[in-house]
Amino acid sequence: MTMTDDMMKTLRNPTPLYAVAGTADLAAEKLREVPVLLEKLRVQAPEQFEKLRGTDPKVVQERVTTQAKGAQSRLNETFAGLDLNLDLKKLGESVQDLALQSVGRAAEYAVKARETYDDLAVRGKGAVAGWRGEAADEVVEIAAVVEPKPAPKAQKAAPKAADPAKKAPAARKAAPKKTDK
């Protein structure tokens, strides 16, 4: 394929635009939740501030000191357990294992990113269809295909009702006719 063909194929692919639309739709959905969260925060904030004001600084200092001493003792235990005679072969194997684990994680993240991208593209396609009103057109078209055809007697009795149902989607898409005067 030539470079021009590659560029044309890329420019004609709507998936990235659908992914952007899906991201915008998801962001709008999450933004609708913000007022509820702000109201919850507004209600809970005075209580939390009062707890902070009522806290004794000495109690906080003792808690932090205890946690720091615990971390220091765990660190000392870790270093005490290390063998200072380094084996370069074992070290090389450890580095190689870590590198392979990193490659595995990177591949896993790439798969998750692709799945998220595809999900956003599908969401965006639905959002764009909704914004355009195409969803309603598709429902009418599906109903016309699924709906059983009436018996011959029913067609004679109600030909006017059947004709608008068949022509409704087409009437929306038909271009206006030009008249020569």
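Reckoned from all heavy atoms, side chains included, excluding hydrogens, waters and symmetry mates.
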(message) Taking Val111 as the starting point, is it possible to reach Tyr117 by hopping between hydrophobic residues whose side chains are less than 4.5 Å apart?
(response)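 Unlinked, Tyr117 and Val111 end up in two clusters.
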
(request) Is it possible for you to say whether Leu120 and Leu17 belong to one hydrophobic cluster, with membership spreading through side-chain heavy-atom contacts below 4.5 Å? (result)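 Hydrophobic grouping puts Leu120 apart from Leu17.
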
(message) Test of understanding: with salt bridge (Lys or Arg N to Asp or Glu O under 4.0 Å), list the residues that count as partners of Glu115, not counting sequence neighbours.
(response)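 Applying salt bridge (Lys or Arg N to Asp or Glu O under 4.0 Å) to Glu115 gives none.
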
Atom pair [atom1] ([X]) and [atom2] ([Y]), whose distance is rounded to the nearest 0.5 Å:
{"X": "Gln96", "Y": "Leu98", "atom1": "CD", "atom2": "CG", "answer": "10.5 Å"}
{"X": "Thr2", "Y": "Met7", "atom1": "OG1", "atom2": "CE", "answer": "10.5 Å"}
{"X": "Thr65", "Y": "Gln72", "atom1": "OG1", "atom2": "CD", "answer": "13.0 Å"}

Applying side chain to side chain contact (heavy atoms under 4.5 Å, CB included), name anything that partners [X], two or more places apart in sequence or on another chain.
{"X": "Lys30", "value": "Leu26, Glu33"}
{"X": "Asn13", "value": "Thr15, Pro16"}
{"X": "Lys112", "value": "Glu108"}
{"X": "Arg63", "value": "Val59, Gln67"}

(message) For residues 91-103, which residue pairs pass the salt bridge (charged side-chain N to carboxylate O under 4.0 Å, His left out) check, not counting sequence neighbours?
(response)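 Qualifying pairs: none.
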
(request) Sequence neighbours left out, what pairs pass salt bridge (charged side-chain N to carboxylate O under 4.0 Å, His left out) with at least one residue falling in residues 13-29? (result)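 Non-adjacent pairs meeting salt bridge (charged side-chain N to carboxylate O under 4.0 Å, His left out): Asp25-Arg123, Glu29-Arg123.
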
For [X], which residues count as a side-chain hydrogen bond (donor to acceptor under 3.5 Å, both in side chains) partner, sequence neighbours excluded?
{"X": "Gln101", "answer": "none"}
{"X": "Arg42", "answer": "Glu39"}
{"X": "Gln48", "answer": "none"}
{"X": "Arg12", "answer": "none"}

(request) Output the rest of the hydrophobic cluster of Leu41: all Ile, Leu, Val, Met, Phe, Trp and Tyr residues reachable through side-chain heavy-atom contacts under 4.5 Å, sorted by chain and number. (result)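 Noted: Leu41 shares its cluster with no other residue.
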
(request) Kindly indicate whether the side chain of Gln44, heavy atoms from C-beta on, has any atom under 4.5 Å from the side chain of Glu47. (result)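 They are not in side-chain contact.
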
(request) Side-chain contact test, heavy atoms from C-beta onward, threshold under 4.5 Å: evaluate it for Val36 versus Lys40 and give yes or no. (result)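 Result no, sub-4.5 Å side-chain heavy-atom pair not found.
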
(message) For the residue pair Thr116 / Asp119, report whether a side-chain donor-acceptor contact shorter than 3.5 Å exists.
(response)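 Their side chains do not contain a donor-acceptor pair, so the 3.5 Å distance test is not met.
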
(request) Determine, for Asp118 against Arg114, whether the closest basic-nitrogen to carboxylate-oxygen distance falls under 4.0 angstrom. (result)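 Answer for the salt bridge query: yes.
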
